[in-house]
Protein chains: 2
Amino acid sequence: MPGMAEDRGVDLGRELSTAVVMFHEAVGQHLGVSAGDQRALALIRGGPLSAGALAKEIGLTPGAVTGMIDRLEAAGLVRREVDPNDRRRILVGSTDSGISAHSGLFDELAAAMRRMATRYTPAEQAVIDDYVVRTVAILRGQTERLTERKQSGKR
Amino acid sequence: MPGMAEDRGVDLGRELSTAVVMFHEAVGQHLGVSAGDQRALALIRGGPLSAGALAKEIGLTPGAVTGMIDRLEAAGLVRREVDPNDRRRILVGSTDSGISAHSGLFDELAAAMRRMATRYTPAEQAVIDDYVVRTVAILRGQTERLTERKQSGKR
DNA sequence: GGATATATTTTAGTACAGTGAATTAAAACA
DNA sequence: TGTTTTAATTCACTGTACTAAAATATATCC
């Protein structure tokens, strides 16, 4: 039943999704980084990763990951370091300049988001936070569902 | 000042952004449609568009758009129709099966979102809706900012 | 310590989406 | 009606990211 009142949240969600994706693409173009590479960057942001771990995480062959790291390194966004515990491994981590280049683009957005947050009472902000946290959880679950379905379909 | 309490909204926003993008990518892979083509699909969803309008909107050459429509058409997601008013033009519109294929993937997500919405009182839902609407507006504005900056940088 | 296994890189080849220019068809204009 | 403009497609080419497999370097295991 499209158009029902309770679907307003869904439609809003779709709009939000589109807006997020378009912003993301704009950031990528601005940094000169492809959409695929950005996924890697997001992972690396969470902490240094070995090339192999990265390959596994994003579903590419080791050779492809080498090229990807090359690109990101050339752009000054990440840095290779030899793993002291296992010198075959490299650890890929964010560079300071990479973080700030990225953050720089987000600064205005972050400022606008903070400004907006002041519109709400603490209680309202708590509701919003709760909503966002739950939405993230749902999205992650649904992403996993799709990914798994696809993988099982492939084999 | 990273880590401050008022940045919680920003960090949550980043997580939400990543989750949305990853979900979007999963949907694209599932439909066998590249990320770029999905932008076109989103535009077409809003109503039939001529090939030229599509080219202008997504910043590709007419030749590239022809190929893109070919791909989407081969996937059964869109349909070409000759514009009755100007027979040089074609209008690209969503197919029923394209809509349902797409919606199908979103159905579970939509259901989960609706289920989550029931957790909130009407007043809380109003706050959330307001938040989402404002966030979308901010994202669109920031996207435009980045896009313009990039274009001016290019010339 | 030497054989085997593992991590990354390198290399050669492939696939594909993009550009720019030529082509075809229809509309607009004078 | 004939010329010019506009819309989409086709064509030849290019750039780039990918895979698979070989090469290199280090770790692990008897």
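So that the names make sense, note that chain A is the first sequence line, chain B the second, and so on, each numbered from 1.
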Fill in the blank from the handout: Looking only at D:dA8, C:dA27, C:dT8, the nucleotide nearest the A:Ala51 side chain is C:dT8

Exercise for the section: Salt-bridge test for A:Glu108 and A:Arg115: reply yes if a basic N is under 4.0 Å from a carboxylate O, no otherwise. Expected result: no

Problem - Contacting residues from residues 57-81 of chain A, given that a heavy atom lies under 4.0 angstrom of DNA chain C - result: A:Pro62, A:Gly63, A:Thr66, A:Arg80

Exercise for the section: Taking only Lys NZ, Arg NE, NH1 and NH2, and the carboxylate oxygens of Asp or Glu, determine whether B:Arg134 and B:Asp130 approach each other closer than 4.0 Å. Expected result: yes

Practice task
State whether A:Arg80 and A:Glu73 are salt-bridged, where the test is any N-O pair (Lys NZ or Arg NE/NH1/NH2 against Asp/Glu carboxylate O) under 4.0 Å.
Solution key: yes

Exercise for the section: Identify whether any heavy atom of B:Ser50 sits under 4.0 Å from a base atom; if not, whether one sits that close to sugar-phosphate; answer base, sugar-phosphate or nothing. Expected result: sugar-phosphate

Handout entry: Residue that, paired with B:Leu109, satisfies side chain to side chain contact (heavy atoms under 4.5 Å, CB included) out of A:Leu139, A:Thr135, A:Thr143
Key = A:Leu139

Problem - B:Arg89/B:Glu81 ion pair, N-O < 4.0 Å - result: no

Problem - Length of the line joining B:Leu49:CG and D:dA8:C1', which is rounded to integer Å - result: 15 Å

Handout entry: Whole angstrom value for the distance that separates P of D:dA8 from CG of B:Asp86
Key = 8 Å

Practice task
Establish whether A:Met22 and B:Val136 are linked, either directly or via other cluster members, by ILVMFWY side-chain heavy-atom contacts under 4.5 Å.
Solution key: no

Practice task
Please state how far atom CD1 in A:Ile90 lies from atom C1' in D:dT26, giving the value in whole angstrom units.
Solution key: 14 Å

Handout entry: Under-4.0 Å side-chain N/O to phosphate OP1/OP2 contact, A:Arg88 with D:dA27
Key = no

Handout entry: Earlier contact from the 5' end, DNA chain C, for A:Leu91 and B:Asp83
Key = A:Leu91

Handout entry: Length of the CD-C1' vector between B:Gln38 and C:dA17, whole Å
Key = 16 Å

Fill in the blank from the handout: Nearest-nucleotide check on DNA chain D, A:Gly36 vs A:Asn85; residue mapping nearer the 5' end is A:Gly36

Problem - Separation of atom CZ in A:Arg89 from atom C1' in D:dT24, rounded to whole Å - result: 17 Å

